[in-house]
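Worksheet: the structure to be examined is printed underneath.
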Amino acid sequence: MRVLFVTTEMDDFVRVGGLGAVSAALPRALRSFTDIRIMLPGYRDIIEQLTHIQIVGRCPAFAEMPACSLGRAATKDGLPVYVLLCSQLYDRPGNPYGDESGRDWPDNDIRFARFASAAAELAMGKLDKNWAADLIHANDWQASLVPAYLAWRGSKLPSILTIHNLAYQGLFPKDSLRRIGAPESSFHIDGIEFYDQLSFLKAGLVYASHLTTVSGTYAREITTTEFGCGLEGLLRLRSDASELTGILNGIDESWDPRSCAQLAQQFGAGDWIGKRANADYVRKQFGLAVSRGPMFGIVARLVHQKGIDLVLSAADEIVDAGGQIVVTGSGEPALEQALIDAHRRRPDAIGVVIGFNEAQARRIFAGSDFTLMPSRFEPCGLSQMYAQRFGSLPIGHQTGGLAETITDGETGFLFSRPSRESFLGGVRRAFCAFMAQDQLDTMRRSAMGRSFSWSISAGTYSALYRKLASV
């Protein structure tokens with residue numbers, strides 16, 4: 001079965017959030033089931049890393065979207081990758097979505113509509129004369145127009161849209177309709193219109209054959225007013241029609257502290273001296289004082305969703321109780337600055353590095369005793385899985401994928417509300433466990449024994465692919 005997996009991030013080349021990790025791992029897990037190929041925009045970082053790109057097709061200019069070429073290459077382990085080559089749209093500094101200051105590119109409607117339109121053409125067999133898809137799997141708002149372009153061009157090709165985070169919708173002025181060549185007739189409440197704007201994500205929710213999201217809990221949550229971001233009515237309709245499925249993400253096999261080469265010292269369950277060696281290394285790297293108290297790690301995008309403000313409000317209590325906090329990530333400038341200010345106030349106990357380095361992230365998971373995840377909502381979350389495998393017990397809000405992957409009191413701690421007091425309740429429970437060595441040892445062993453393999457998720461996706469392709 002031939003599947004085109006359309007994404008704007010892939011850890012092999014470029015990563016902003018969890019989508020990059022999923023896009024690198026899930027297609028690889030599906031290779032034994034399908035002829036799966038990735039499609040990516042031709043960002044500068046991707047072009048520089050691919051050793052040989054063969055031009056297989058060309059897209060003429062369409063509406064206000066420029067002409068472009070389609071290249072085919074492969075990852076180091078042979079996974080086929082298509083890249084859309086258009087230097088005026090994708091050869092830019094910054095990240096895939098915005099400039100170096102974090103501002104969205106003003107032409108993101110053109111950039112991702114051009115990408116989605118080309119993906120639809122490729123899937124329909126109009127770009128690579130040697131390949132067409134039996135099904136197309138699009139991810140998040142940046143690829144959500146793929147099912148729409150298929151429908152607007154009369155294709156019956158089945159499509160899946162995976163919602164990794166409903167809060168990011170790709171909203172643009174109505175004038176974008178003309179710029180991206182969308183029919184005027186699609187702009188209405190049962191189409192792609194959302195409060196007099198054009199919603200890329202809603203286009204996918206309307207036109208995709210099937211919707212998935214990254215945990216069963218989140219699939220239920222997004223049909224409610226609290227989590228539905230204004231789209232809950234449409235999502236309820238799709239859910240009631242059995243067209244919305246929650247499939248939990250996994251993590252790849254490299255997340256094993258016994259073999260991870262990036263750690264200060266490898267270790268397994270029960271080897272707490274090895275784990276402590278990683279803690280000592282992290283303390284030294286972050287300039288923290290020598291301590292026998294617990295270390296709380298944060299590896300996250302520094303945004304409101306992730307509850308970073310809750311950590312800031314609780315930081316003094318954590319430190320005064322003998323804890324230390326280490327943070328790495330990037331995001332909203334105000335939260336970045338607040339964390340830097342907290343470090344300056346307590347440099348011996350709060351370490352902060354703005355930015356992301358995977359080796360450093362792995363060492364934080366390996367060295368910390370607990371991982372803080374007070375997210376207001378969390379579609380799936382990967383950090384709590386990484387943390388458990390590395391013996392860092394997650395403290396998470398009971399929502400989305402956190403509720404599914406943390407067993408309260410056994411592999412971590414869950415708290416009920418995204419508030420300071422509820423969060424501190426989880427933190428205090430963690431302190432109590434840290435003081436009770438037998439309990440800590442048992443919980444660490446349970447956490448490190450968890451399996452979050454992609455094989456189960458891949459099997460579920462494969463079955464869904466075949467069901468949709470046979471309709």
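Every heavy atom of this structure was used, including side-chain atoms; hydrogens, water molecules and symmetry mates were not.
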Set out, in order, the CA-CA distance, both residues' side-chain angles and the distance that settles side-chain contact (heavy atoms from CB on, under 4.5 Å) for Val83 and Leu85, then state yes or no. CA-CA 6 Å; Val83 285; Leu85 304 171; 3.9 Å; yes
Please give me the minimum heavy-atom distance between [X] and [Y], naming the atom from each residue.
X	Y	value
Leu150	Ser159	CD1-CB, 4.3 Å
Ile298	Ile308	CG2-CD1, 4.3 Å
Ser368	Phe365	OG-O, 3.6 Å
Gly181	Ala63	N-CB, 3.4 Å
Met373	Ser383	SD-CB, 3.8 Å
Cys86	Pro66	SG-CG, 3.8 Å

Taking [Y]'s backbone N and O only, do any of them form a donor-acceptor pair with [X]'s side chain (distance below 3.5 Å, no angle check)?
X	Y	answer
Ser419	Ser422	yes
Ser462	Ala458	no
Ser117	Ala113	no
Arg301	Gly331	no
Arg363	Gln262	yes
Glu9	Gly17	yes
Gln142	Thr7	no
Arg37	Pro80	no
Arg92	Gly98	no
Asn139	Thr162	no

[atom1]-[atom2] distance between [X] and [Y], expressed to the nearest 0.5 angstrom:
X	Y	atom1	atom2	result
Ile364	Gln285	CD1	CD	10.0 Å
Asp140	His164	CG	NE2	5.0 Å
Leu135	Lys467	CG	NZ	13.0 Å
Phe5	Leu79	CZ	CG	10.0 Å

Relative to each other, are the rings of Trp141 and Tyr97 parallel, tilted or perpendicular (30° and 60° limits)? tilted
Partners meeting side-chain contact (heavy atoms from CB on, under 4.5 Å) with Ser453 (sequence neighbours left out):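 Glu253, Ser451, Ser455.
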Walk me through it: do His304 and Glu332 pass the test side-chain contact (heavy atoms from CB on, under 4.5 Å)? CA-CA 8 Å; His304 180 71; Glu332 296 167 11; 3.9 Å; yes
Considering only NZ, NE, NH1 and NH2 on the basic side and carboxylate oxygens on the acidic side, decide whether [X] and [Y] come within less than 4.0 Å.
X	Y	answer
Arg179	Asp107	no
Asp35	Arg2	no
Arg28	Asp12	yes
Lys174	Asp196	no

Worked verdict on Arg58 versus Ser69 for side chain to side chain donor-acceptor pair (under 3.5 Å): CA-CA 4 Å; Arg58 301 191 188 277; Ser69 300; 2.7 Å; yes
Step by step, would you call Leu464 with Thr212 a side-chain contact (heavy atoms from CB on, under 4.5 Å)? CA-CA 10 Å; Leu464 182 58; Thr212 69; 3.6 Å; yes
Looking at residues at least two apart in the chain, or sitting in another chain, which of them share a ring pair (Phe, Tyr, Trp, His ring centres under 6.0 Å) with Tyr461?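 Per chain and number, Tyr461 pairs via ring pair (Phe, Tyr, Trp, His ring centres under 6.0 Å) with His137.
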Can you sort out the partners of Tyr43 under ring pair (Phe, Tyr, Trp, His ring centres under 6.0 Å), two or more places apart, ordered by chain and number? none
Less than 6.0 angstrom from the centroid, inside 45 degrees of the normal: does Arg362 satisfy that with respect to the ring of Trp255?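 Yes, Arg362 sits over the ring of Trp255.
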What's the verdict on ring pair (Phe, Tyr, Trp, His ring centres under 6.0 Å) for Phe112 and Phe200, showing C-alpha distance, side-chain angles and the deciding distance? CA-CA 9 Å; Phe112 297 114; Phe200 277 35; 7.9 Å; no
Apply side chain to side chain donor-acceptor pair (under 3.5 Å) to the pair Ser239 and Thr223, showing each step before the final yes or no. CA-CA 8 Å; Ser239 180; Thr223 64; 5.7 Å; no
Side chain to side chain donor-acceptor pair (under 3.5 Å) evaluation trace for Gln305 with Arg376: CA-CA 5 Å; Gln305 175 208 330; Arg376 286 177 166 80; over 6 Å; no
Of all pairs that satisfy side chain to side chain donor-acceptor pair (under 3.5 Å), the ones with a partner from residues 44-53, not counting sequence neighbours: Arg44-Asp91
Pairs touching residues 394-403 that satisfy side chain to side chain donor-acceptor pair (under 3.5 Å), sequence neighbours left out: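 Qualifying pairs, neighbours excluded: Glu221-Thr399.
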Hey, can you pull the donor-acceptor pairs under 3.5 Å for the side chains in residues 243-251, sequence neighbours left out?
unit_1: Glu243; atom_1: OE1; unit_2: Arg238; atom_2: NE; d: 2.8
unit_1: Glu243; atom_1: OE1; unit_2: Arg238; atom_2: NH2; d: 3.3
unit_1: Thr245; atom_1: OG1; unit_2: His210; atom_2: NE2; d: 2.7

Note, Pro394 side chain near Phe413 side chain (heavy atom, < 4.5 Å):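 A side-chain contact under 4.5 Å is absent here.
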